[in-house]
Number of protein chains: 2
Amino acid sequence: MKKVTINSVASHAGVSKKTVSRVLNNEPNVSASTREKVLNTFKELNYSPSPIARGLAQNRSFIIGCIYDNPSKSYITRVQTGALAACQENNYNLLIHPCELRGEALIENIQQLFQTSRPDGIVLTPPFSDFAEVVEFLKSKNIPYARVASATLKDDSITVRSNDEQGAFEITQHLIELGHKQIAFIKGHPDHSATAQRFKGYLRALAQNNIEFKDELVEEGNFSYHSGVDSARSILDLSPRPTAVFASNDYMAAAVLKLASQRKLNVPDDISIAGFDNAPIARHIWPGLTTIAQPVEEMTKQAVTQLISHISQPQEEPYQLTLEAELITRESTAKIN
Amino acid sequence: MKKVTINSVASHAGVSKKTVSRVLNNEPNVSASTREKVLNTFKELNYSPSPIARGLAQNRSFIIGCIYDNPSKSYITRVQTGALAACQENNYNLLIHPCELRGEALIENIQQLFQTSRPDGIVLTPPFSDFAEVVEFLKSKNIPYARVASATLKDDSITVRSNDEQGAFEITQHLIELGHKQIAFIKGHPDHSATAQRFKGYLRALAQNNIEFKDELVEEGNFSYHSGVDSARSILDLSPRPTAVFASNDYMAAAVLKLASQRKLNVPDDISIAGFDNAPIARHIWPGLTTIAQPVEEMTKQAVTQLISHISQPQEEPYQLTLEAELITRESTAKIN
DNA sequence: TTTAATTATGACACCGGTGTCATAATGTTT
DNA sequence: AAACATTATGACACCGGTGTCATAATTAAA
């Protein structure tokens with residue numbers, strides 16, 4: 001299979017390469033007959049343009065960088081799926097960039113990513129979507145970016161989030177409706193804005209039902225399974241023991257469940273447990289976790305789609321979208337007895 | 001920040017751009033003093049070459065495509081981690097390509113991947129590493145590729161695998177040493193060569209211990225959690241019930257555990273359960289799963305590293321490497337009582 | 001010291017597209 | 001039919017590097 005370039009197409013169709021280029025880019029001022037002739041040659045020669053040459057000429061890379069640092073593999077995969085979908089629709093490539101750095105080193109790392117790979121835009125996912133330093137850096141370098149699942153940091157950039165506060169409210173409400181009043185809460189990682197949002201939802205549900213908030217029922221986690229184990233220990237040691245635990249994500253909820261099982265507690269009869277995110281583990285364990293499902297793929301896809309369209313023609317209006325989350329009830333929560 | 005090109009560097013250093021190019025590529029025939037002068041200019045101007053321009057000139061993309069289709073998100077993430085590590089060390093970009101297609105459509109899809117993104121090489125991960133059609137296609141198109149975790153398909157390509165057979169042998173041996181004789185086995189997806197290998201290891205351990213193989217103890221799974229549930233049902237319905245279950249991966253093992261819990265069976269007292277892969281879920285559930293840990297990141301990193309070095313200078317000897325797996329014992333397996 | 005071999009360097013075309021601008025072809029207005 | 005506006009097309013430079021080859025500078029051999 002020898003290479004088919006724009007020159008082969010041009011000479012085969014009997015036109016100049018500039019005209020071929022016009023057809024390629026759907027530019028105006030090409031006669032219908034010429035356009036068709038060229039289009040046919042595309043098929044005949046099985047031509048597809050070189051993104052590299054295009055990139056060089058237009059000073060673009062057709063690459064979107066996706067920066068993330070998340071302990072949940074399923075979350076990462078979902079982010080990737082959404083981002084990939086948007087990229088494929090627009091003939092972009094996705095460059096994944098897991099990154100555990102913070103502060104100075106983080107900025108340097110992102111800078112290096114730019115020097116070496118030159119993405120046309122960046123999708124920031126939690127917790128980076130909330131890092132002012134990162135956003136400032138991108139803005140100062142004039143690099144297009146979009147933010148996924150950020151609740152704080154109101155700026156004029158593309159932002160797609162889901163309603164974490166409402167989700168947390170609903171799940172707490174669900175527990176309250178089952179008769180629970182002593183509902184422990186495990187916070188997520190303080191860097192993530194979702195952490196504050198979910199806590200707010202928890203508080204709102206308590207307030208709305210006139211349930212007193214008790215500080216000792218709240219534990220600081222960080223979204224990792226391990227942190228969940230520690231928090232679970234403190235909670236299960238409380239006396240009286242809470243009748244329900246709402247963990248800010250499913251991994252921590254699974255940790256609570258594991259510890260409860262180790263202590264021969266029956267879930268949900270002795271204690272109800274709820275999580276957040278609807279990670280695979282939520283249905284892989286017994287009992288299955290009541291949790292909140294967010295449209296992660298959709299959020300990311302929207303964000304990337306907007307980002308790409310912003311790259312080709314910068315928009316006036318910042319694109320901001322909030323999608324709703326959905327309560328999923330499984331076996332881990334039940335009426336208090 | 002205005003752009004720094006090879007021309008800026010050349011004029012600033014007072015040499016031709018070709019000489020700058022020589023320094024960039026560590027070519028010989030540059031005097032020490034000139035080299036140093038250019039190197040200093042690099043730093044001074046904070047220059048980094050454009051991979052796109054380089055790519056156009058050398059007809060390369062500096063992209064490695066990674067094709068996968070695996071129900072385990074953690075496996076995918078580990079593959080990505082290893083591949084990324086190798087890419088970053090060699091200034092390549094990684095293009096992830098999840099792909100659920102098979103047969104004709106699969107080949108077309110890969111072909112399209114080539115037309116649009118033009119990767120310099122491809123890493124095949126299970127089950128694609130074992131698909132003769134894919135390998136044949138790549139070979140016919142003269143596209144460099146490496147295969148991860150393939151046990152069958154002996155060809156002369158770069159292949160890095162882990163010893164699935166030995167791992168399965170060890171875990172079965174472990175169960176036997178605990179006194180188990182009725183050991184059920186859940187197979188993986190038939191497309192994956194690991195499936196046959198793990199089964200072979202199971203058989204070898206039985207044979208070596210003079211334990212009769214019973215066909216009814218073997219169930220066909222496909223590595224998904226869901227298939228594990230089905231297989232678990234059949235196994236737990238057997239009478240007499242096997243005293244141990246060895247599932248070909250952790251998700252299916254988790255399914256067995258879930259079903260056993262639902263049936264109020266105590267694991268490991270009533271029944272021992274073992275998995276394979278050491279997925280996160282293996283330690284996130286209670287009791288933790290005895291399983292086999294494979295060096296997935298390392299395998300992939302090795303494969304990609306070899307692939308990249310093969311791209312720049314094709315090797316005579318095919319690179320073939322087998323890494324060892326490791327038995328991890330947790331609470332899900334115990335002495336028969 | 002000359003000559004030959006080797007090393008260092010730069011001019012220039014080229015990779016495969018796109019942008020700019022001049023010009024040719026066509027359509028419209030008077 | 002002449003003058004003008006519009007649409008269609010191509011020539012050519014350019015994007016930022018690398019490959020080829022000629023030549024200049026240096027070193028080794030005669």
Side-chain angles (χ1 to χ4, degrees), chain A residues 1-39 41-42 45-63 91 114-118 120 311-313, chain B residues 1-39 41-42 45-63 91 114-118 120 311-313:
Chain A
M1 180 172 73
K2 65 197 169 307
K3 244 183 313 185
V4 182
T5 71
I6 196 170
N7 291 298
S8 357
V9 175
S11 62
H12 188 281
V15 298
S16 75
K17 57 192 233 179
K18 178 65 222 192
T19 298
V20 176
S21 169
R22 286 198 182 89
V23 174
L24 262 181
N25 296 286
N26 269 309
E27 286 176 31
N29 300 340
V30 180
S31 74
S33 64
T34 306
R35 171 160 277 137
E36 195 184 0
K37 194 166 53 181
V38 173
L39 249 21
T41 312
F42 284 170
L45 302 186
N46 191 23
Y47 168 74
S48 69
S50 155
I52 295 189
R54 230 205 252 253
L56 181 59
Q58 301 192 134
N59 195 26
R60 309 214 268 155
S61 62
F62 298 99
I63 286 176
N91 273 103
F114 264 88
Q115 301 238 328
T116 58
S117 303
R118 318 205 173 188
D120 293 332
I311 288 169
S312 10
Q313 35 181 316
Chain B
M1 181 171 72
K2 65 195 170 310
K3 246 185 310 185
V4 182
T5 73
I6 196 169
N7 291 299
S8 359
V9 175
S11 63
H12 188 281
V15 298
S16 75
K17 58 192 235 180
K18 178 66 220 191
T19 298
V20 176
S21 168
R22 286 198 181 89
V23 174
L24 263 181
N25 296 285
N26 269 310
E27 285 176 30
N29 300 341
V30 179
S31 75
S33 64
T34 306
R35 169 161 279 138
E36 194 184 1
K37 194 166 51 182
V38 173
L39 249 22
T41 312
F42 284 170
L45 302 187
N46 192 23
Y47 168 73
S48 69
S50 155
I52 294 188
R54 228 203 252 254
L56 181 59
Q58 300 191 136
N59 195 27
R60 309 215 267 155
S61 63
F62 297 98
I63 286 176
N91 274 103
F114 265 89
Q115 300 237 328
T116 58
S117 302
R118 319 207 170 186
D120 293 334
I311 288 168
S312 11
Q313 37 181 313

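Order of the sequence lines fixes the chain letters, A, B, ..., with proteins taken first and strands second; residue numbering starts at 1 for each chain.
In this structure, the CG atom of N59(A) is 11 Å from the P atom of dG19(C), given to the nearest Å. One atom, CD1 of I52(B), and another, P of dG17(D), lie 11 Å apart when rounded to the nearest Å. Note: CZ (R54(B)) to P (dC15(C)) measures 19 Å, nearest angstrom.
To the nearest 0.5 Å, atoms CD (E27(A)) and CZ (R35(A)) are separated by 9.0 Å. Here NE2 of H12(A) is found 5.0 Å from CG of L45(A). Values are rounded to the nearest 0.5 Å.
Which of dG16(C), dT9(C), dT18(D) sits closest to the side chain of L24(B) comes down to dT18(D). Each of dC15(D), dT18(D), dA11(C) was ranked by its minimum atom distance to the side chain of I6(B); first place goes to dT18(D). Side-chain proximity of A53(B) to the nucleotides dG16(D), dT18(D), dG10(C) is greatest for dG16(D). Of the candidates dT18(D), dC15(D), dT18(C), the closest approach to any side-chain atom of N25(A) belongs to dT18(C). Distance from the side chain of S16(B) is smallest to dG10(C) among dG10(C), dG17(D), dT9(C).
V20(A) comes within 4.0 angstrom of no nucleic acid atom, judged by non-hydrogen atoms across all strands. Note on N29(B): a base of the nucleic acid sits closer than 4.0 angstrom, heavy atoms only. Among the heavy atoms of the strands, none lies under 4.0 Å from N7(A).
OP1 and OP2 of dC15(C) both lie 4.0 Å or more from every side-chain N or O belonging to S50(A). Not one side-chain nitrogen or oxygen of T5(B) sits closer than 4.0 Å to the OP1 or OP2 atom of dC15(D). Note on S21(A): a side-chain N or O is less than 4.0 Å away from OP1 or OP2 of dT18(C). Contact annotation: S31(A) reaches the phosphate of dT9(D) (side-chain N/O to OP1 or OP2, under 4.0 Å).
At a cut-off of 3.5 angstrom, the base of dG19(D) holds at least one donor-acceptor pair with the side chain of K18(B). Contact of K17(A) with dG17(C) (side chain to base): a donor-acceptor pair of N or O atoms is detected under 3.5 Å. Taking 3.5 Å as the limit, the base of dG10(D) and the side chain of R22(A) contain a donor-acceptor pair of atoms between them.
A donor-acceptor pair shorter than 3.5 Å cannot be found between the side chains of R54(B) and N91(B). Between the side chains of N59(A) and R118(A), not a single donor N or O lies within less than 3.5 Å of an accepting N or O.
Two residues, S33(B) and A57(A), neighbour DNA chain C, and the one matched to the more 5' nucleotide by heavy-atom proximity is S33(B). Positionally, the nearest nucleotide of DNA chain C for V30(B) lies more toward the 5' end than for the other of V30(B) and E27(A).
Scanning all heavy atoms of the two residues, the minimum distance from F42(B) to V23(B) falls at CE1-CG1, 4.0 Å.
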